Amino acid sequence: MLDTLFPLLLRLYPEEFRTRFGPQIEADLYHPDTNKTRAIVDILRSGLYHRATSPGLYIGLTSILLGGAVVALASSLARQLPLRSGKEVELYLLMFLAVFLVVLSVLILAIHWLRTCSKSKI
């Protein structure tokens, strides 16, 4: 059971952490004196902590909040616009701009994260 559970638990950690410390964690887990239940709980706890403190989570939360704010602003502006009957082009244009701003903000946040936080060569 541990052979199938260990790779799943190890995937909770970021990739850089797995490549660096994965063999050491595996060796500690398969050591005969290790309490397996306590080790699994510790891996779960620390893996979730590493994921929760990674910059990707903050980018996701910021983009969701920014997207919600832009969509709320667009819907409130749509109620204020006098739309002509039969011509909903203005509403579609406004919603397109709202979606475009959300996608643009997510791309800007991702580029900022890649430049400041990531160690990749992109």
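Everything numeric in this text was worked out from a predicted model, so none of it was measured. Nothing fancy with the numbering, it's 1 onward along the sequence. Scope of the values below: all heavy atoms of this structure, side chains included, with no hydrogens, waters or symmetry mates.
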Would a single hydrophobic cluster contain both [Y] and [X], if residues Ile, Leu, Val, Met, Phe, Trp and Tyr are joined by side-chain heavy-atom contacts under 4.5 Å?
X: Leu65; Y: Ile108; value: no
X: Tyr30; Y: Ile40; value: yes
X: Leu29; Y: Leu44; value: yes

Return yes if some donor-acceptor pair links the side-chain N/O of Ser46 with the main-chain N/O of Asp42 below 3.5 Å, else return no.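 Yes; at least one donor-acceptor contact below 3.5 Å.
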Can you tell me how far CD of Glu26 sits from CZ of Arg18, rounded to the nearest 0.5 angstrom?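 The CZ atom of Arg18 sits 13.5 Å away from the CD atom of Glu26.
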Quick one: does Leu10's side chain get under 4.5 Å of Ile43's, heavy atoms only?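 Result no, sub-4.5 Å side-chain heavy-atom pair not found.
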Student check: side-chain heavy atoms of Ile25 and Phe17 closer than 4.5 Å: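 Side-chain contact under 4.5 Å: yes.
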Got a sec, which hydrophobics cluster with Val103, joining ILVMFWY side chains under 4.5 Å apart, including via others?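 Val99, Leu107, listed by chain and number.
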